[in-house]
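Following: one structure in structure tokens, then a few remarks.
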Amino acid sequence: MIGPSCYITDHDHSTQPGEPLSLLPLVEAPTSIGDNVWVGANVTILRGVRIGRDAVVGAGSVVTRDVGEGERFAGVPARRLSSSQVR
């Protein structure tokens with residue numbers, strides 16, 4: 001399930017000091033979301049991130065690294081929640 005207003009991407013711009021961004025190539029990496037995943041509203045998932053099956057990503061999070069199977073992530077940047085933080 002993917003909540004409203006999410007942004008999921010598989011690319012972004014490279015950067016080089018002193019060079020105009022418009023002239024630089026895109027950097028690509030596959031992004032994948034497993035089965036039975038819940039992505040809350042307004043989540044951003046960046047290039048190259050893999051989200052494992054049965055995972056949950058809290059609303060408003062920015063996911064910059066992989067989320068393992070069954071894990072719960074939230075925040076900016078998104079971090080793994082401890083079991084005491086999960087309800």
Distance-only check: which donor-acceptor pairs under 3.5 Å involve side-chain atoms of residues 12-26, not counting sequence neighbours?
{"from": "Asp12", "atom 1": "OD1", "to": "Arg47", "atom 2": "NE", "distance (Å)": "2.8"}
{"from": "Asp12", "atom 1": "OD2", "to": "Arg47", "atom 2": "NE", "distance (Å)": "3.1"}
{"from": "Ser14", "atom 1": "OG", "to": "Pro25", "atom 2": "O", "distance (Å)": "2.8"}

For residues Val76 and Leu46: do they belong to one hydrophobic cluster (side chain heavy atoms under 4.5 Å, members Ile, Leu, Val, Met, Phe, Trp, Tyr)? yes
Residue pair Gly40 / Cys6: nearest heavy atoms and the distance that separates them: O-SG, 3.2 Å
Separation between CG (Asp66) and CZ (Arg80), nearest 0.5 Å, reads 14.0 Å
If every non-hydrogen atom of Arg65 is compared with every non-hydrogen atom of Ala78, which pair is closest and at what distance? NE-O, 4.1 Å
Rounded to the nearest 0.5 Å, how far apart are CZ of Arg53 and CG of Asn36? 6.5 Å
Shortest non-hydrogen pair, Ser61 vs Gly58, comes out as OG-O, 2.7 Å
Run the numbers on Thr31 and Thr9 for side chain to side chain contact (heavy atoms under 4.5 Å, CB included), then give the verdict. CA-CA 7 Å; Thr31 300; Thr9 188; 5.8 Å; no
Considering only Ile, Leu, Val, Met, Phe, Trp and Tyr, and joining two whenever side-chain heavy atoms are under 4.5 Å apart, list the other residues clustered with Val57. Ile2, Ile8, Ile33, Val37, Val39, Val43, Ile45, Val49, Ile51, Val63, Val67, Phe73
